[in-house]
Amino acid sequence: MSNLLFNLNKKDKAVYIGSESTEFNCSFDYERFVDFNDDIFNGNYNIWYIDDKMKDENLIFDIIDLNPKLIILGDIKISYEIFKELILYAKIKDVQLLGPYSDGLYQHSDYIGTINPDMFKNNTGHSIISSNRYIPYMIEKELSWYNIGLSYCITLGRGENLCTAYKNSLQELINLKSCSSIILHLDLNNFIDFDIAEYIKENAMKHIVVLITGRNKFSHRSYNFVKKFRENNIDICLDVTEVVSLIKKTI
Amino acid sequence: MSDIKDILVELGINALPEIQNASIGDIKSFIELYGYPLEVLIDDRTVILHDKGDIEKIKNKISEKDVRVIARKSFNNTIKLNLHIDFGSEDAFIHIAIESGQDKGYVKVHPFSMLSDFKLDKTFVKDKGLRKSLISCYNAFIRSDLLHLHIELIKTEKNIYFSVKNPFNFPHIITKSDIVIICNNEIIGEYINDTFKRYGTEAKICDINDIKIKSLEEKNILIVLVNDNEKITDKYIEGIVKMSKPDRSLYCIYIGVKEKVFKSALTGKNIIFIDSPYAFMRRMFIVM
């Protein structure tokens, strides 16, 4: 068991691709590139920020060839055809992809993406997988009333095509030694693994609390998911405050 | 307060998240309403719960005999509202019968939960506005300690209001569409609205970067900002100052950097800072 998400440490190479307007935070040494720059190929830095002015989506394949450990796709659009090829190529090259529309990840003091680490003030081993960075901040704030908080945060991104599905990121957190419980924020606007409830039941060695949003837009889908989680005796909540009371059970 | 919640959770009330966020008065009325074998003593800010005896008795407390009509009202001789609560002893669900014109139907709701549009069969209450009003009425009842609700339907060109009066003739209006959530993130806005919808109402969501001040007049406003960027804090303060008026309070949930700076900059601007959407709802919806 590791203590780092995606086994990512400061010696590893990681890339964040996002828009120029997004403020970028990172605890690693990095350089901001306004345009896709030759320097990236010279390997001057471990973390690269790449502006979405990339005119050719295929450049992402060139980035994969540089063998970074992780590529986070920020607010960039990728066509479905490229997306499919990207998933396949990254798998062959053993490169982890996150996004698109991911805000990055946070683990204790290390972070990459647009997440602000200062928002996480109580590192007590709890973790969250979410579609955006704001829900984790709200949960951290609620947890802080009880002097507990989040140590890990993975933002998966939004849309029907996610490079890292909920199931994969869940496994990532289950494998982390210092992660005590997991909040899984399922946004019904995203692709969600159909068998996620059964997967949790079979693989959860840690306390997992599921929070579902987007219920009004997808009420029928919501009903089916909630039913499945309840049938599998998984803690499910529809509200941030409920998350807190369920997380408190593990303390 | 947390002790009370723990006791309530022990009793199985975790199925009702909203009660965990309820005020002391709400918890008291809830315990009394459902006949929990607990005695509630409230002295200023202290709440004492006494176990009256065997907690297990609660399981047999609700029986089929507990059938009562909680509200009855005719609207324009066409729609008859007949909320009828029947505690089913076997499945512990409430069956609510609603008659609308010639149509009859019922909905099954967990005794500890609020009614929502999703739960209500849309075929027998076809009018969306009325459906929402019925939901508001039911939820108001569930959240109050009244046995009978005195209700009145007021229709205007734009809205349907459901006026609910308590025995002391102190009217409260449950509104349908005059709440606005101003937020800086769509998902957060939807999440807050989700909470409202569970109580049978719905707010309009506006982006703080795209608000039209004139359209906000006569509205109840909840500002929800989750801000992780110091650079835009001043911009948010500026936006809220523009919206503020001395004769109208704005409610604000702020989670973010420079919290002290943010709050002190808005001192004297008639902004009420709250921690959760429930605090806003208690002020807006509840019949007390």
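Quick note on labels: first sequence line is chain A, next is B, and so on, each numbered from 1.
At a 4.5 Å heavy-atom cutoff, the contact between A:M138 and chain B is made by backbone and side-chain atoms alike. Looking at B:I188, the atoms closer than 4.5 Å to chain A (heavy atoms on both sides) all sit in the side chain, from C-beta outward. Proximity to chain A (any heavy atom under 4.5 Å) is shown, for B:D275, by both the backbone and the side chain. Only the side chain of B:E259 comes within contact range of chain A, with at least one heavy atom under 4.5 Å from a heavy atom of that chain.
The distance from atom CG of A:D187 to atom CD of B:E190, rounded to the nearest 0.5 Å, is 7.5 Å. Separating the OH atom in B:Y191 from the CD1 atom in A:I212 is a distance of 14.5 Å, to the nearest 0.5 Å. Within the model, atoms OG of A:S144 and CD1 of B:I255 stand 9.0 Å from one another, a figure rounded to the nearest 0.5 Å.
Between B:N229 and A:N116 the shortest side-chain heavy-atom distance does not fall below 4.5 Å. For the pair B:D228 and A:R133, the minimum side-chain heavy-atom distance is below 4.5 Å. The side-chain heavy atoms of B:N227 and A:Y137, taken from C-beta on, include no pair separated by under 4.5 Å.
A 6.0 Å sphere centred on NZ of B:K235 holds no more than 12 heavy atoms belonging to other residues, nucleotides or ligands. Residue A:E231 places its CD atom among more than 12 non-hydrogen atoms of other residues, nucleotides or ligands, all under 6.0 Å distant.
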I would like to know whether A:N132 and B:N185 meet side chain to side chain donor-acceptor pair (under 3.5 Å); could you show each step before the answer? CA-CA 10 Å; A:N132 80 348; B:N185 181 268; 3.2 Å; yes

